Amino acid sequence: MEHKRINYSSGAPLEEKVGYSRMVKIDDQVFIGGTTSVQPDGSVYGETAYEQARYIFDKMLVLLAQAGAGARDVYRVDYFVTDMANAAEVGRAYSETFHNVKPLCTGMAIKSLNRPTQLVEIELAAMVHTVLE
C-alpha cells in the first residue's frame, strides 16, 4: 500500500541547505520537527521560556492549519528546555493551547540549543480530523 507524503517548509534557509522539512504529512498523520522561536528574520523571539513556547505553539498551529489540522488533532507533544526550572513556563503555554485536548506530553532537559538565547524546542504529532470523546 502506498502512502501519500507531503513535505512542508517554513522557509528557513537551513531546511534546503541541510535537507529537512519543518512538517511532514503522511496520509492523515502530521509531524512537526523540533521548532524553536526563531523568527523569519533569524532573530530569536522572546526572552522567557513562556514567551518562546507561546510563539512556538502559535507557529505550529499555523503549520497544522496548512495540513488541514488544528490543536484538537494533536496527540503528542515533546518539549526540550535548557533548564528544567523553565518547565512550568512551557507548561503554562502548553496548557493555554492544549488543555482541553490533553495530548501526551514529555518534557526533557537538554544541555543547550543552537543559540544561548534559545530556551525551548518543541515537536509534535497529530492525526487530521480526530474526534475527542
Side-chain angles (χ1 to χ4, degrees):
M1 171 184 220
E2 290 189 25
H3 298 277
K4 183 177 179 182
R5 176 187 174 130
I6 303 170
N7 294 337
Y8 296 82
S9 171
S10 69
L14 261 182
E15 291 175 17
E16 188 56 37
K17 181 178 181 181
V18 175
Y20 72 92
S21 298
R22 172 67 48 215
M23 179 173 69
V24 174
K25 181 179 181 185
I26 301 173
D27 298 330
D28 286 343
Q29 297 286 320
V30 181
F31 307 93
I32 299 180
T35 302
T36 62
S37 64
V38 173
Q39 300 177 93
D41 68 2
S43 65
V44 175
Y45 178 87
E47 295 180 13
T48 68
Y50 170 78
E51 292 169 331
Q52 290 187 16
R54 180 76 261 158
Y55 182 88
I56 295 165
F57 286 131
D58 289 345
K59 188 192 295 193
M60 290 177 148
L61 292 173
V62 169
L63 285 165
L64 286 169
Q66 292 176 26
R72 74 192 177 286
D73 300 309
V74 173
Y75 65 85
R76 181 181 189 112
V77 175
D78 295 324
Y79 71 86
F80 309 88
V81 291
T82 57
D83 184 342
M84 277 310 272
N86 291 327
E89 290 186 45
V90 176
R92 184 172 134 217
Y94 170 90
S95 182
E96 291 172 0
T97 309
F98 299 111
H99 185 272
N100 294 330
V101 179
K102 296 182 176 27
L104 302 168
C105 184
T106 302
M108 294 161 264
I110 58 173
K111 184 176 179 179
S112 65
L113 290 165
N114 290 341
R115 301 177 196 180
T117 55
Q118 291 175 311
L119 306 173
V120 182
E121 184 166 339
I122 302 171
E123 57 187 25
L124 63 74
M127 181 179 284
V128 180
H129 307 301
T130 58
V131 178
L132 291 175
E133 291 186 7

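Computed from heavy atoms alone, side chains included, the values below leave out hydrogens, waters and symmetry copies. Computed from a predicted model, the values in this text were never measured in an experiment.
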Smallest separation among heavy atoms of [X] and [Y], with atom names:
X	Y	result
V90	A49	CG2-CB, 4.2 Å
S21	V24	CB-CG2, 3.9 Å
E123	I32	CB-O, 3.2 Å
A53	V120	CB-CG1, 4.5 Å
D41	S43	OD1-OG, 2.6 Å
V128	G68	CG1-O, 3.3 Å

For S9, give me all partners under side-chain contact (heavy atoms from CB on, under 4.5 Å), at least two apart in sequence or on another chain.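 Per chain and number, S9 pairs via side-chain contact (heavy atoms from CB on, under 4.5 Å) with E15.
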
Of all residues at least two apart in sequence or in a different chain, which pass the side-chain contact (heavy atoms from CB on, under 4.5 Å) check with V18?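 Result, side-chain contact (heavy atoms from CB on, under 4.5 Å) vs V18: L14, Y20.
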
Under the side-chain hydrogen bond (donor to acceptor under 3.5 Å, both in side chains) test, residues paired with [X] that sit two or more places apart:
X	value
R5	N7
Q118	T36
E121	none
Y75	Q29

When you group the ILVMFWY residues by side-chain heavy-atom contacts below 4.5 Å and let the links chain together, are [Y] and [X] in the same group?
X	Y	result
L63	L61	yes
L124	I6	yes
Y94	I122	yes
V101	L104	no

Taking atom NZ as the centre, does K4 end up with more than 12 heavy-atom neighbours from other residues, nucleotides or ligands that are less than 6.0 angstrom away?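 Check fails, neighbour count at 12 or below.
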
Transitive ILVMFWY cluster of V44, excluding itself - 4.5 Å side-chain cut-off: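 When side chains under 4.5 Å apart are linked, the cluster holding V44 also contains V38.
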
Which pairs of donor and acceptor atoms, one on a side chain in residues 105-113, lie under 3.5 Å apart (sequence neighbours left out)?
none

How about F57 and V77: do any of their side-chain heavy atoms sit closer than 4.5 Å?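 SC-SC contact between F57 and V77 confirmed.
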
Heavy-atom side-chain proximity of V30 to D73 below 4.5 angstrom: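 They are not in contact (no side-chain heavy atoms under 4.5 Å apart), so the answer is no.
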
According to the ring pair (Phe, Tyr, Trp, His ring centres under 6.0 Å) rule, which pairs have a member within residues 24-53, sequence neighbours left out?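 Of all non-adjacent pairs touching residues 24-53, those that pass ring pair (Phe, Tyr, Trp, His ring centres under 6.0 Å) are Y45-Y55.
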
Please collect all side chain to side chain donor-acceptor pair (under 3.5 Å) contacts where either partner lies in residues 78-91, sequence neighbours excluded, each pair once.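 Residue pairs with at least one partner in residues 78-91: R76-D78.
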
Could you list all the salt bridge (Lys or Arg N to Asp or Glu O under 4.0 Å) pairs where at least one residue sits in residues 23-40, not counting sequence neighbours?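 Those involving residues 23-40 do not exist here.
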
According to salt bridge (Lys or Arg N to Asp or Glu O under 4.0 Å), does anything in residues 50-64 pair up with another residue at least two apart or in another chain? List the pairs.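 Every pair satisfying salt bridge (Lys or Arg N to Asp or Glu O under 4.0 Å) with a residue in residues 50-64: R54-D58, R54-E96.
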
